[in-house]
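One structure is given below, represented as structure tokens, and several questions about it will come after.
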Amino acid sequence: MSKHSFRTRAIHVGNAIDPATGAVVPPIHLASTFKQPGAGEWGEFDYSRSGNPTRTHLQTTLASLDGAAGALAFSSGMAAIHCVTMLLSAGDHVVAGSDIYGGAYRLLHKICNRSGITVSLVDMTNLPAIEAAITDKTKLIWGETIGNPRMTIADMKGIAKIARANGVIFGVDNTFGTPALLRPIEHGVDIVMHSATKYLGGHSDCLGGTLASATKVLHDQLYFIQNATGAVLDPLSCHLVARGLKTLDLRVREQSATALKLATWLEAHPNIRSVLYPGLASHPQHELAVQTLDGGFGAMVTFELDGSIQQTAKVCESTQLFHLAVSLGAVESLIEQPATMSHASYDAADRARFGITDGLIRLSVGLESFEDLKDDLAGAIALAMP
Ligand SMILES: *Cc1c(COP(=O)(O)O)cnc(C)c1O
């Protein structure tokens with residue numbers, strides 16, 4: 001199957017015909033436990049925390065799409081990141097990106113710190129700064145392939161080289177990139193995480209998280225932690241994510257094309273101070289984005305209004321099609337203000353230090369038409385900036 005294209009594998013790998021019935025969609029296995037061949041003899045499945053056929057189907061598809069030695073499905077994206085941090089012990093140090101998901105920032109600073117793990121936040125576009133932040137206690141570099149909310153692009157090959165030279169695990173959150181546009185294992189990354197709640201599921205109707213590992217050894221270590229701590233994805237959600245994966249490539253490419261058109265239009269708008277989108281020539285890592293992303297620049301667009309915090313909020317509250325909500329990656333477009341919403345869990349000083357300003361607005365571009373989305377934004381901006 002690995003010879004087939006991404007789109008074909010998304011539909012066929014992990015979705016074998018059910019031998020019992022011929023069903024073209026694998027059945028959803030709700031069983032929590034499985035009858036064993038004998039006392040002390042174990043079948044393929046024994047208990048659903050340790051393994052479930054529906055989860056295995058999904059994990060097989062995920063491993064194929066991420067080009068990984070193995071993949072795991074978790075109850076949420078945060079559960080997946082938490083599993084990675086549980087590879088660490090007291091005294092270990094993490095170098096993390098300075099514009100990461102607010103929940104990842106909170107996990108590292110307000111939970112992992114309790115077990116004596118320390119964190120340094122570094123701009124993931126600055127290789128010398130990453131190298132300088134590494135100490136003899138550093139065990140993990142954690143970044144985002146496309147940063148959040150400033151849309152920075154990590155130089156994965158460069159970071160992977162630093163990680164390897166220092167014996168450090170390099171993990172990335174590829175939620176914004178998606179495996180359709182970007183496969184970090186090809187760039188030397190050890191662990192790839194996705195919030196399946198976003199593009200993989202794609203329809204705002206389930207939570208989930210995934211980890212894909214470059215090696216079997218790492219996969220087995222993460223599986224051990226997942227089984228020991230229990231944050232597995234339930235069978236119904238596994239089915240929803242597996243269904244979402246079948247249209248991932250089409251959705252993400254179409255959403256990315258619309259996002260590029262909106263970013264280009266916003267950049268020329270008189271009330272917009274700046275637009276952060278990797279597909280624009282004005283983006284500081286545009287060249288790297290061209291080399292790294294395959295077939296689109298993602299469907300997340302951040303822009304800064306040339307106005308007050310009240311006017312920014314007014315734009316977010318005035319759109320009709322873009323819903324005012326956190327989350328992203330689904331068929332319906334969303335709008336939010338990072339400073340007060342997705343990144344509210346950052347300390348105010350860190351928000352200021354890392355450019356998460358009050359005037360930023362983040363869009364998750366859905367599958368509606370460009371014309372309708374543009375008119376919706378134009379109307380909201382006109383209302384807020386009379
Ligand atoms: C949503 C999100 C997460 C967390 O995922 P959940 O499924 O909400 O736990 C992590 N990283 C990024 C980039 C996200 O957008």
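Here the structure is a predicted model, which is why all the values come from computation and not from measurement. Each ligand, and each atom within it, is numbered from 1 in the order the structure gives. This chain uses plain numbering: 1 for the first residue, then up along the sequence.
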If the contact criterion is a heavy-atom separation under 4.0 Å, does Gly208 count as touching ligand 1?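 For ligand 1, residue contact (heavy atoms, under 4.0 Å) with Gly208 is present.
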
Looking at atom 7 (O) of ligand 1, what's its closest protein heavy atom, distance included?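 For atom 7 (O) of ligand 1, the nearest protein heavy atom comes out as Thr197 OG1, 2.7 Å.
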
Which of the ligand 1 atoms, numbered from 1, are nearer than 4.0 Å to a heavy atom of Gly77: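 Near Gly77, the atoms of ligand 1 are 5 (O), 6 (P), 7 (O), 9 (O).
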
Any cation-pi pair here, Lys198 with Tyr101, using under 6.0 Å and within 45°?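 Output yes; distance and angle both within limits.
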
N or O pair under 3.5 Å between Glu144 and ligand 1: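 No - when backbone and side-chain N and O of Glu144 are compared with those of ligand 1, no distance drops under 3.5 Å.
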
Between Arg164 and Asp190, is there a salt bridge with N-O shorter than 4.0 Å?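 Looking at Asp190 and Arg164, the cut-off is not met.
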
Sub-4.0 Å atoms of ligand 1 with respect to non-hydrogen atoms of Leu328: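 Answer for ligand 1: 15 (O).
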
Side-chain H-bond candidate by donor/acceptor type, His93 with Ser120, under 3.5 Å: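 There is such a pair between these side chains.
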
Distance in Å, Asn174 CG paired with Ile185 CD1, rounded so as to fall on 0.5 Å steps: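 Between atom CG of Asn174 and atom CD1 of Ile185 there are 10.0 Å.
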
Going by distance only, is there an N or O of Lys198 that falls short of 3.5 Å from an N or O of ligand 1?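 In this structure, Lys198 places an N or O atom under 3.5 Å from an N or O of ligand 1.
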
List the closest protein heavy-atom neighbour of atom 4 (C) of ligand 1: residue, atom name, distance to the nearest 0.1 Å.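 Result for atom 4 (C) of ligand 1: Tyr101 CE2, 3.4 Å.
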
Kindly write out the residues that satisfy side-chain hydrogen bond (donor to acceptor under 3.5 Å, both in side chains) with Asp350, not counting sequence neighbours, or none if the list is empty.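 Per chain and number, Asp350 pairs via side-chain hydrogen bond (donor to acceptor under 3.5 Å, both in side chains) with Tyr105, Arg353.
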
Any nitrogen or oxygen of Met78, side chain or backbone, less than 3.5 Å from one on ligand 1?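 Yes: some nitrogen or oxygen of Met78 is under 3.5 Å from one in ligand 1.
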
Whether Tyr346 and His343 hold their rings parallel, tilted or perpendicular, with breakpoints at 30° and 60°: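 The rings of Tyr346 and His343 sit tilted, inter-plane angle from 30° to 60°.
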
My understanding is that we take every heavy atom of each candidate and find the minimum distance to atom 12 (C) of ligand 1. Doing that for Leu200, Asp173, Thr210, which one comes out nearest?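 Heavy atom nearest to atom 12 (C) of ligand 1 belongs to Asp173.
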
Single hit among Leu266, Ile272, Asp358 for side-chain contact (heavy atoms from CB on, under 4.5 Å) with Leu305: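 Among Leu266, Ile272, Asp358, the one that satisfies the side-chain contact (heavy atoms from CB on, under 4.5 Å) with Leu305 is Ile272.
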
Which atoms from ligand 1 have a heavy atom of Ser195 less than 4.0 Å away?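 Answer, ordered by atom number: 1 (C), 2 (C), 3 (C), 5 (O), 6 (P), 7 (O).
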
